[in-house]
Asker: 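Shown below is the structure under consideration.
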Amino acid sequence: MFVADRAAMVAAYGTQAADLLDRMGSTTMLCLPLWGSRALMGVLAICWDERHQVGVTERATLTAASGYIAQAVERALYLDERISVARELQAAMLTDLPLTDHVEMSALYQPAADGHMIGGDWYDAHHLPRASASDGETPALMVTVGDITGHDMHAATIMGQVRSMLRQATLDHPPYSPATALTALDAACSVLPMETSGTLVHARLDPVDGSLDWTLTWSNAGHPPPLLRTPDGRVTQLLEHDILLHRSLGPFTRTEHRRALPPGSTLLLYTDGLVERRGHDMDAAVAQLIALLARHGHRSLDELLRRINNRLADPAPEDDVVLLAVRTPASGRPQRR
């Protein structure tokens with residue numbers, strides 16, 4: 001569509017259209033359609049301050065330019081759609097924590113500041129089947145925090161597959177050993193056509209009959225060490241670990257470790273986005289995390305995670321951040337959260 005001047009705009013499209021031309025400070029306008037592969041996506045308007053005559057060569061050049069612009073717009077819209085789908089997929093994997101009357105739980109997820117970076121970080125928690133049908137029996141709890149390598153749709157997809165496979169591997173192998181489940185996951189990843197690579201901690205919390213004590217059993221596949229805060233404020237790094245999760249490493253027999261949890265203990269799992277930042281000392285960040293947990297570990301878990309994230313995470317993080325905290329009851333039964 002070519003409009004030579006204001007008079008031509010009024011004659012062809014009315015005074016309102018001419019007013020628009022005036023507000024743009026233009027006299028001559030050439031409008032070209034932006035055709036995508038499936039539909040019209042918009043219009044490119046080229047304006048001149050003074051009356052201008054568009055020749056055949058100039059019109060052909062601008063028409064070709066509009067085609068390139070249409071391709072760029074279509075690709076941008078396509079990438080935005082893919083990123084939106086990936087974020088929805090990632091959010092769907094971060095399911096609500098299970099309701100329980102026996103322990104407190106809280107989780108925090110902060111995505112990377114770059115909206116085009118889709119991470120493979122996740123957390124998970126679910127109860128295990130009770131050993132008996134007794135309604136009063138406290139069920140054991142499985143908790144997981146992991147990080148699949150990459151920041152794209154592929155990482156989010158692999159994360160979803162690994163998360164589901166680990167749940168199935170856990171429930172298919174009574175008595176629900178974390179190491180056995182991770183060993184089964186390794187075996188599956190070594191033969192399936194999945195480019196699996198990442199780290200994770202898979203842990204089980206069991207109540208001790210006749211007391212408020214609990215037992216923690218965990219297996220670590222190359223992940224940052226979990227932290228355990230006891231009621232006296234002392235924080236311990238659970239340093240025991242095996243190699244990371246990677247399909248090229250083949251089946252690997254995982255090990256697991258056990259620790260008694262006194263009443264009122266707090267277990268903190270996290271991903272490396274919390275403590276690893278370009279140009280900063282990771283060991284110093286971990287030391288700061290330990291100090292924050294020791295100082296504020298008595299607070300509610302929601303507040304504790306917010307304080308840790310606000311103090312340690314970059315305001316514009318380059319990587320996703322996941323935090324998961326579990327606290328055993330100090331006395332009686334905590335209220336359902």
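Since we're looking at a predicted model, the values are computed, not measured.
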Asker: I'd like to know if the side chain of Asp232 pairs up with that of Thr230 as donor and acceptor (distance under 3.5 Å, no hydrogens or angles considered).
Answerer: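 Distance-only check passes for Asp232 and Thr230.
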Asker: Is a side-chain donor-acceptor pair under 3.5 Å present for Asp121 with Thr271?
Answerer: yes
Asker: Ala294 and Arg229: which non-hydrogen atoms are nearest, and at how many Å?
Answerer: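 Of all heavy-atom pairs spanning Ala294 and Arg229, the closest is O-NH2, 3.2 Å.
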Asker: Same hydrophobic cluster for Leu205 and Val208, using side-chain heavy-atom links shorter than 4.5 Å among ILVMFWY?
Answerer: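 Hydrophobic grouping puts Leu205 apart from Val208.
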Asker: Does any donor atom in the side chain of His246 or Ser248 lie under 3.5 Å from an acceptor atom in the other side chain?
Answerer: yes
Asker: Using atom types as modelled and distance alone, determine if a side-chain donor or acceptor of Gln110 lies under 3.5 Å from a backbone N or O of Asn309.
Answerer: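 No, the answer is negative, given that no donor and acceptor are paired below the 3.5 Å cut-off.
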Asker: With a sphere of 6.0 Å drawn around CG of Asp96, does it hold more than 12 non-hydrogen atoms of other residues, nucleotides or ligands?
Answerer: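 Not more than 12 within 6.0 Å, no.
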Asker: Show which side-chain atoms of residues 54-71 pair as donor or acceptor with protein atoms under 3.5 Å away, not counting sequence neighbours.
Answerer:
unit_1, atom_1, unit_2, atom_2, d
Glu58, OE1, His52, NE2, 3.0
Glu58, OE2, His52, NE2, 3.4
Thr61, OG1, Thr57, O, 3.0
Thr63, OG1, Arg59, O, 2.7
Ser66, OG, Thr63, O, 2.6

Asker: So, taking the atom named CZ in Arg234 and the one named CD1 in Ile290, what distance separates them when rounded to the nearest 0.5 Å?
Answerer: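 Spacing of CZ (Arg234) from CD1 (Ile290) equals 13.0 Å.
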Asker: Determine the minimum heavy-atom distance between Leu324 and Asp124, stating which atoms define it.
Answerer: CD2-O, 4.0 Å
Asker: Without placing hydrogens or testing angles, list every side-chain donor-acceptor pair under 3.5 Å for residues 261-270, not counting sequence neighbours.
Answerer:
unit_1, atom_1, unit_2, atom_2, d
Ser265, OG, Pro262, O, 2.7
Thr266, OG1, Arg327, NE, 3.0
Tyr270, OH, Pro225, O, 3.0

Asker: Go through the steps to decide whether Trp218 and Val143 satisfy the test side-chain contact (heavy atoms from CB on, under 4.5 Å), and finish with yes or no.
Answerer: CA-CA 9 Å; Trp218 79 95; Val143 294; over 6 Å; no
Asker: Answer with yes or no whether the hydrophobic clustering places Val73 together with Ile46; edges join I, L, V, M, F, W, Y residues whose side-chain heavy atoms lie under 4.5 Å apart.
Answerer: yes
Asker: Looking only at non-hydrogen atoms, find the nearest pair between Leu141 and Val326 and report the distance.
Answerer: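 In terms of heavy atoms, the two residues are closest at CD2-CG1, 4.3 Å.
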Asker: Keeping to residues at least two apart or across chains, list the side-chain hydrogen bond (donor to acceptor under 3.5 Å, both in side chains) pairs with something in residues 281-297.
Answerer: His296-Arg299
Asker: Which heavy atom in Cys47 sits nearest to a heavy atom in Met24, and how many Å separate them?
Answerer: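 Smallest interatomic distance, heavy atoms only, reads SG-CE, 3.4 Å.
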Asker: Identify, with sequence neighbours excluded, every residue that meets side chain to side chain contact (heavy atoms under 4.5 Å, CB included) alongside Ala17.
Answerer: Met9, Tyr13
Asker: Taking all non-hydrogen atoms of both residues, which atom of Glu240 and which atom of Asn220 are closest, and how far apart?
Answerer: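 Closest approach of Glu240 to Asn220: O-CB, 3.6 Å.
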Asker: My understanding is that only residues two or more places apart in sequence, or in another chain, count here; which of them pass salt bridge (Lys or Arg N to Asp or Glu O under 4.0 Å) with Arg258?
Answerer: Glu256
Asker: Once side-chain hydrogen bond (donor to acceptor under 3.5 Å, both in side chains) is applied, what residue pairs with a partner in residues 193-208 remain, sequence neighbours excluded?
Answerer: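 Output for this query lists Thr144-His202, Thr149-Ser197, Thr170-His202, Thr199-His223, Arg204-Asp206.
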Asker: So, taking the atom named CG in Leu274 and the one named CE in Met282, what distance separates them when rounded to the nearest 0.5 Å?
Answerer: 9.5 Å
Asker: Can you get from Phe252 to Leu166 by hopping between Ile, Leu, Val, Met, Phe, Trp and Tyr side chains that sit under 4.5 Å apart?
Answerer: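 They do not share one cluster, since no chain of ILVMFWY contacts under 4.5 Å joins Phe252 to Leu166.
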Asker: Nearest 0.5 Å, what's the CG-CG distance between Leu108 and Asn310?
Answerer: 8.5 Å
Asker: Are Met142 and Leu171 connected, step by step, through hydrophobic side chains (Ile, Leu, Val, Met, Phe, Trp, Tyr) whose heavy atoms are closer than 4.5 Å?
Answerer: yes
Asker: Is it the case that over 12 heavy atoms from other parts of the model lie below 6.0 angstrom from the CG atom of Asp209?
Answerer: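 Count not over threshold, so no.
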Asker: I'd like to know if Val322 and Ile148 are part of one continuous hydrophobic network [Ile/Leu/Val/Met/Phe/Trp/Tyr, side-chain heavy atoms within less than 4.5 Å].
Answerer: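 Yes; Val322 is reachable from Ile148 via cluster members.
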